[in-house]
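To start, the structure itself, in structure tokens.
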Amino acid sequence: MTISVPLREQIAALIRVGLQDAQTSGALPAFDLPEIISVDQSRHEAHGDYASPVCMGLSRVLHRAPLQIAQAVAQSIPAADFIAQVEVAPPGYLNFTLANAWVARQTPIILAAGESWGNVALGSGQRVQVEFVSANPTGPITIGSARNAVIGDTLAAVLEAAGYTVEREYYVNDGGSKVRNFGASILARYAHLFGVDVPFPEQGYPATYVTELAQRAQAEFGARYLTQDRDAAIHALGVWGIARILDGVRDDLAQLRVHFDTWFSEKSLYESGLFDAMLAKLRDGGYILEYGGATWFHHPDLEKDAVLIRSPQVVPTPEDRPTYLASDIAYLWNKVVLRGFDKAIYVWGADHHGDVPRVQAAAKALGVDVNRLVFILYQMVTLLRGGQEVRMSKSSGEFVTLRELVDEIGPDPIRFMLLTRTVDVTIDFDLDLAVEQSDRNPVYYVQYAHTRIAGVLRKAVEAGYALDVPGDPTLLTHPSELALVRKMLALPEIITLAATAMAPHSLTVYATELAALFHAFYRDCRIVSTAPEEVALTQARLMLARAAQHVLARVLHLMGMDAPERM
RNA sequence: GUCCCCGUGGCGCAAUGGACAGCGCGUCUGGCUUCGAACCAGAGGGUUGUGAGUUCGAGUCUCACCGGGGACUCCA
């Protein structure tokens, strides 16, 4: 298991020493070191590999020209084996160039790290829960929930790579009126199969999958539920139906390669008494008001009070009265206090953004540090078919399920497509285009690089090369070879970035760039040669190709995608 | 009316407050009898919606405006 310190952090540490030494030597007057020393990857080759603008910011404090400061600091930066040179560039940049020989020497190290290459110690073992999807179990998974699934699952993988202990959780909304409405919907369809007329509930689910469930119920239970007490039948069919839907949800998500450690039942919050305990705690703190027959959460941060328990005049059945917010508060207590997660990450659709301040206020009221809750709000996915928007909701008719899509184009293009954009932009998912363009999806560009390497390795074996022979990294001197290794060396930074900014999409950008650099290497450097004088070079390049293959596979796997040997 | 997100080449999107704003698709040109052409090389295409401000430095931060999407129920 390899854990790396990102190069930018190593360079920042060098600069820190330089800043310190420049003061003690008197080259610079005394000043407080900046808390963070920013180091960027250079965008232009002429600027080296990494650049720091830190001296520009110090100019004001020191009353000196940034260029002068940079020169003083550059003099004081200690030598390091991985740095070939430190240059000062106007108006005051410090530019660092990695030593080519050192870069080449990292190739066997990356190869040996295998799929642990890129891991960093950011999380230092903190326990994090990522709660995602959590779609109502009253219908199959849609493409909108698929975005949630892909973001949550990839983020969880990134956090694991960053050194957190991660649990993936699905919150099952199995409490309240949904069960009854769902059960009543099934019962109405079920009775119809026997020619009996039972009214379809007003808030029911008219979609065809309910009719299919009714047919299954008929096959499984016969006419049993027609003779039972109506309420008992509704409840039994509701519980049974939700369990069946959940089976389907689990299958659908598994098709997308998404798996959960825990399926947490909302109902259990009430059965365990946690809900009442939470309510009592809020009441003690003075956060509960009663008026109009309802129970309200009152907090100075909120403009309006929020209902926790609806009034009997509005909702007749007691078990239907607690609101979603009420459950969410009890659930939050369960997460961070009872189960003690250091961080609870919520992956929510942007339509829930209004709920964030309420849950945060509740956390404060319960004495929980708000920073332990992280909300990732992703924008919606609109589904287009023939240029027309397809409106989907579980309580309406029309429906495009994730399953249909996965069956048609497979999980990899879907995951990549939903992952390439930042969570902040809406996605128009054009069904016709998705199917038609699946050949051209950038996912295949990345997978092709992996496959191409596999092909070359097969060729090398045919030519009599053994792949496990260590290559001589000093033979890797071509710019395209070194550029490829440099990109691999950046993975720890990408994982750090993705984990701190909660930005899983940056993996797709990196994967594409890495693939492009492999293709460039492949173009410029013939890998397999049987000429006797090129055996050693071939072995070095095979080592590089294998390292690149591992890193590509690592990134694809972080994104939940396949790294194929052939395609 | 209040709140959230977006506005970047024809289209779809990247870019941690840093230097000359990148990539894919599409368009044009060129490259396979030697490791996989699902690839590569080159060309064309930009006042980053508009206007102010903060900063040594703004696509990025602040304010106003314009345009698009979403949320503001004792819904789930």
Side-chain angles (χ1 to χ4, degrees), chain A residues 8 36 38-44 46-47 51-57 59-60 65-66 89-93 95 136 138 173 176-178 181 203 292-296 303-304 306-315 321 323-324 349-357 377-380 382 393-395 420-428 430 433 437 439-449 451-460 462-463 493 496-497 500-501 503 505-506 508-509 512-513 515-516 518-520 522-530 538 541-542 545 566-567:
Chain A
R8 351 176 359 195
I36 43 166
S38 78
V39 175
D40 310 314
Q41 281 196 46
S42 300
R43 282 204 284 220
H44 300 280
H47 302 150
S52 176
V54 69
C55 299
M56 263 104 81
S59 172
R60 176 176 289 256
Y93 288 100
N95 289 339
N136 278 340
T138 49
N173 292 121
S177 54
K178 279 177 301 299
N181 278 325
Q203 304 279 313
T295 301
W296 304 76
E303 281 180 29
K304 285 192 281 187
V307 181
L308 292 181
I309 301 182
R310 302 180 187 104
S311 60
Q313 304 93 280
V314 180
V315 177
R321 282 183 209 140
T323 59
Y324 263 66
D351 51 344
H352 287 91
H353 86 93
D355 298 330
V356 173
L377 297 167
Y378 63 92
Q379 296 297 313
M380 311 308 283
T382 52
S393 93
K394 280 164 196 165
S395 46
T420 28
R421 294 161 176 81
T422 66
V423 298
D424 288 329
V425 306
T426 54
I427 296 181
D428 287 333
D430 191 318
L433 229 57
Q437 288 198 340
D439 295 358
R440 285 200 309 251
N441 192 299
V443 67
Y444 297 111
Y445 180 80
V446 177
Q447 289 183 323
Y448 179 65
T451 304
R452 202 178 204 187
I453 296 172
V456 172
L457 296 182
R458 283 192 295 269
K459 198 82 180 178
E462 280 169 31
E493 281 154 30
T496 304
L497 172 72
T500 50
H505 81 281
S506 44
T508 62
V509 177
T512 308
E513 289 170 353
F518 173 77
H519 289 309
Y522 177 89
R523 173 197 68 218
D524 293 335
C525 304
R526 168 97 200 166
I527 298 170
V528 180
S529 164
T530 48
T538 296
R541 286 179 172 167
L542 285 172
R566 298 172 199 272
M567 54 193 278

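In what follows, every chain begins at residue 1, and chains take the letters A, B, ... in the order their sequences are listed. Basis for what follows: all heavy atoms, side chains included, without hydrogens, waters or symmetry-related copies.
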Nucleotide forming a Watson-Crick or wobble pair with B:G26, both distances under 3.5 Å | none
When rounded to the nearest Å, what value does the distance between P atoms of B:G57 and B:C72 take?
-> 43 Å
Send over the distance from A:L457 CG to B:C35 P, rounded to a whole Å.
-> 15 Å
Now, which nucleotide makes the Watson-Crick or G-U wobble pair with B:U60, with each of the two distances under 3.5 Å?
-> none
Does some side-chain heavy atom of A:H352 sit less than 4.5 Å from a side-chain heavy atom of A:V356?
-> no
NA contact type, A:R440, heavy-atom cut-off 4.0 Å: base, sugar-phosphate, or nothing?
-> sugar-phosphate
Would you mind classifying the nucleic acid contact of A:D524 as base, sugar-phosphate or nothing, using non-hydrogen atoms under 4.0 angstrom?
-> nothing
Expressed in angstrom and rounded to an integer, what is the separation of A:E513 atom CD from B:C13 atom P?
-> 19 Å
Base partner of B:G67, which must satisfy Watson-Crick or wobble distances under 3.5 Å | B:C6
Base, sugar-phosphate, or nothing: which does A:G292 touch, judged by heavy atoms less than 4.0 Å apart?
-> base
So, for A:V307 and A:W296, which heavy atoms are closest and what is the spacing to 0.1 Å?
-> CG2-CZ3, 3.3 Å
Is there side-chain contact between A:C525 and A:R541, with at least one heavy-atom pair below 4.5 Å?
-> yes
A:H47 NE2 to B:A21 P: how many Å, rounded?
-> 11 Å
Not counting sequence neighbours, which residues clear side-chain contact (heavy atoms from CB on, under 4.5 Å) with A:S38? List them please.
-> A:P53
What integer number of Å spans the P atoms of B:G46 and B:C11?
-> 12 Å
For A:C525, report the nucleic acid contact type (base, sugar-phosphate, nothing); a contact means any heavy atom under 4.0 Å.
-> base
Residue-phosphate contact under 4.0 Å: A:T426 side-chain N/O, B:G68 OP1/OP2 = no
How many Å lie between CG on A:D355 and C1' on B:C4, as a whole number?
-> 12 Å
Provide the closest heavy-atom pair for A:R310 versus A:V315 in the form atom of the first, atom of the second, distance.
-> CD-CG2, 3.6 Å
Heavy-atom nearest pair, A:N136 first then A:N173, reads OD1-OD1, 3.0 Å
Quick one: label A:V425 by what it contacts on the DNA or RNA (base, sugar-phosphate, nothing), any heavy atom closer than 4.0 Å.
-> sugar-phosphate
A:D40 (side chain) and B:A19 (base): donor-acceptor pair under 3.5 Å = no
Write down the distance between CG (A:D428) and P (B:C13), rounded to a whole number of angstrom.
-> 7 Å
Write down the distance separating the C1' atoms in B:G18 and B:U60, rounded off to the nearest Å.
-> 11 Å
Report, one pair per line, the protein and nucleotides 38-43 of chain B atoms (nitrogen or oxygen only) whose separation is under 3.5 Å.
unit_1, atom_1, unit_2, atom_2, d
B:C39, O2', A:R452, NH1, 3.0
B:C40, OP1, A:Y445, OH, 2.5
B:C40, O3', A:R523, NH1, 2.6
B:C40, O2', A:R523, NH1, 3.4
B:A41, OP1, A:R523, NH1, 2.9

Smallest heavy-atom separation, A:S311 atom then A:G292 atom, equals CB-O, 3.5 Å
With a 3.5 angstrom cut-off on both distances, give the Watson-Crick or G-U wobble partner of B:U47, or none if there isn't one.
-> none
Could you state the NE2-P distance from A:H505 to B:C13, rounded to the nearest angstrom?
-> 13 Å
Which residues pass the side chain to side chain donor-acceptor pair (under 3.5 Å) test with A:Y378, sequence neighbours left out?
-> A:N148
So, does the side chain of A:R8 form a donor-acceptor pair with the base of B:U16 at under 3.5 Å?
-> yes
Of A:V528 and A:W296, the one whose nearest nucleotide on RNA chain B sits closer to the 5' end is A:V528
In terms of heavy-atom contacts, A:A545 and A:I453 come closest through O-CG2, 3.5 Å
Reckon A:A463 touches a base, only the sugar-phosphate, or nothing at all at heavy-atom distances under 4.0 Å?
-> nothing
Does the ring of A:Y324 meet both stacking tests against the six-membered base ring of B:A76: centre distance under 5.5 Å and plane angle under 30°?
-> yes
For the pair made of CE in A:M56 and P in B:G17, what is the distance, rounded to whole Å?
-> 15 Å
Quick one: which of B:U16, B:A14, B:C35 gets closest to the side chain of A:T422?
-> B:A14
Looking only at side-chain N and O atoms, does A:H352 come under 4.0 Å of OP1 or OP2 in B:C75?
-> no
So do the side chains of A:H47 and A:Y93 get within less than 4.5 Å of each other, counting heavy atoms only?
-> no
Going by heavy atoms in the side chains, are A:R8 and A:S52 under 4.5 Å from each other?
-> no
Rounded to whole angstrom, note down the C1' distance from B:A43 over to B:U62.
-> 41 Å
C1' gap between B:G59 and B:G22, integer Å | 12 Å
Less than 4.5 Å apart, any side-chain heavy atom of A:R421 and any of A:Q379?
-> no
With side chains defined as the heavy atoms from C-beta onward, is the minimum distance between A:V446 and A:T512 less than 4.5 Å?
-> yes
Who pairs with A:Y445 by ring pair (Phe, Tyr, Trp, His ring centres under 6.0 Å), at least two apart in sequence or on another chain?
-> A:H519
Taking only the side-chain heavy atoms of A:H353 (C-beta and beyond), determine which of B:A71, B:C35, B:A15 contains the nearest atom.
-> B:A71
Side-chain N or O of A:T382 less than 4.0 angstrom from OP1 or OP2 on B:G69?
-> no
Which nucleotide in the set B:C75, B:G18, B:A19 lies at the smallest distance from any side-chain heavy atom of A:H44?
-> B:A19
Among B:A19, B:C75, B:U73, which nucleotide sits nearest the side chain of A:K304?
-> B:U73
Residue A:V509, side-chain atoms from C-beta onward, closest of B:A19, B:C35, B:A14 = B:A14
What is the distance from CD of A:E303 to C1' of B:C3, rounded to the nearest Å?
-> 9 Å
Residue mapping more 5' on RNA chain B - nearest nucleotide basis, A:I427 or A:P442 | A:I427
Spacing of the P atoms in B:A14 and B:G53 (rounded, Å) | 30 Å
I'd like a list of close polar pairs between nucleotides 46-48 of chain B and the protein, N/O only, cut-off under 3.5 Å.
none

A:V528 and A:L542: which non-hydrogen atoms are nearest, and at how many Å?
-> CG2-CD2, 4.4 Å
Mark yes or no: A:R452 above the aromatic ring of A:Y522, with NZ or CZ under 6.0 Å from the six-membered ring centre and no more than 45 degrees from the axis.
-> yes
Distance between the P atoms of B:U48 and B:C20, in whole angstroms?
-> 14 Å
In whole angstrom, give me the gap between the P atoms of B:G44 and B:C32.
-> 24 Å
Distances under 3.5 Å between nitrogen or oxygen atoms of protein and nucleotides 59-61 of chain B:
none

